[in-house]
Amino acid sequence: MKIHFHGTAAAEGFPGLFCRCEHCMKAIELGGKNIRTRTSVTIDDVLKIDFPPDTYYHVLRDRYHLARVEDLFITHTHHDHLYADDIRMRMPVFASEPAHPLNIYGHDMPMRLLTEHLERNETCFRFQRIVPFAAVEAKTARVTPLPADHNPMETCLLLYIERNGKRILYGHDTGWFPDETWSFLQGRTIDLAIMDCTNGLLPERRNHLNIEAVVEIQDIFRREGIFHPGSQMIATHFSHNIGLMHDDLSNIFEPHGIITAYDGMIHHVSELA
Ligand SMILES: [Zn+2]
Ligand SMILES: [Zn+2]
Ligand SMILES: [Zn+2]
């Protein structure tokens, strides 16, 4: 299974869109893996999570074709996760006739926003409202939404994704998991966990996680048998506020066996093991 990381930054991007802080200046100077766009991942080119404003750039840079995506899951409506105006570009006049409809899944707020932006067109879009703990059989995977600790004014979702016998936890945007999310994960297996690390070495772990919390979650996963010896954790969604370059993050995470995501990174989950 191919996991393609198209963007790995928090809402502002890295360097921040309007920022001139020393961290952003350093990122510009160093370039390469220090340049981070807004966060999204695709799985095997057919399942996409979130639709940030940088999606068009991702398509050009990473050479993947959005027309192939069959399932689009939206975790919440922060603008770095849902830029609905560009999803409209799948409609007639803007695009050639689609080979299949795009199935879009989200809780109340993404569904409300999308149905206001997109005309009803069954050959283009099929909308499905999803709620925590109710698994959906999507076209390309079985997905169970779980509550995140993020925006208290919105039901923000984590995703437990089962595809080809493997299980992926899509773990952001979130702070420390709510109790009911921990209860769900108890007794289950995760082969790959993709985790929020917005706060880096800053002490905050509510609404977004930091490095310490990501490592602690991995410890719990291992202790509780949620992780097996072949399981992998990947940290992503980094804010400019943390002031850590890609190499700084890698040096911190490597001893824990955690991979630091960067834009364009491809990670393979072996379907044989
Ligand atoms: Zn975000
Ligand atoms: Zn900055
Ligand atoms: Zn958010």
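Just follow the structure's listing: the first ligand is 1, and inside any ligand the first atom is 1.
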Contact check: H237 to the Zn ion (ligand 1), N/O/S below 2.8 Å: yes
Flag C156 as yes if one of its N/O/S atoms falls below 2.8 Å of the Zn ion (ligand 3), otherwise no. no
Test of understanding: clusters of I, L, V, M, F, W, Y form through side-chain heavy atoms closer than 4.5 Å, transitively. Do L201 and V215 belong to the same one? yes
Take R188 and I226 through the side chain to side chain contact (heavy atoms under 4.5 Å, CB included) test and state the conclusion after the steps. CA-CA 6 Å; R188 284 189 164 79; I226 298 168; 5.6 Å; no
Are I258 and I234 close enough, and set up right, to give a side chain to side chain contact (heavy atoms under 4.5 Å, CB included), and what steps lead you there? CA-CA 6 Å; I258 296 170; I234 299 180; 5.9 Å; no
Can you find a pair of side-chain heavy atoms, one from P15 and one from C21, that are under 4.5 Å apart? no
Atom of D80 nearest the Zn ion (ligand 1) (restricted to N/O/S, atom name only): OD2
Hey, is the Zn ion (ligand 2) within less than 2.8 Å of some N/O/S atom on H23? no
Consider ring pair (Phe, Tyr, Trp, His ring centres under 6.0 Å). Of H81, H76, H172, which one does H150 pass it with? H76
Keeping Q232 on the side-chain end and G257 on the backbone end, is there a donor-acceptor pair under 3.5 Å? yes
Restricting to N, O or S atoms, which atom of H240 is closest to the Zn ion (ligand 2)? ND1
For the Zn ion (ligand 3): the N/O/S atom of H78 at shortest distance: ND1
Taking the Zn ion (ligand 2) as the apex, C24 SG and C21 SG span an angle, rounded to 10°, of 110°
Considering only N, O or S atoms of H81, the one closest to the Zn ion (ligand 1): NE2
Between H76 atom NE2 and D173 atom OD2, the angle centred on the Zn ion (ligand 3) rounds (to 10°) to 100°
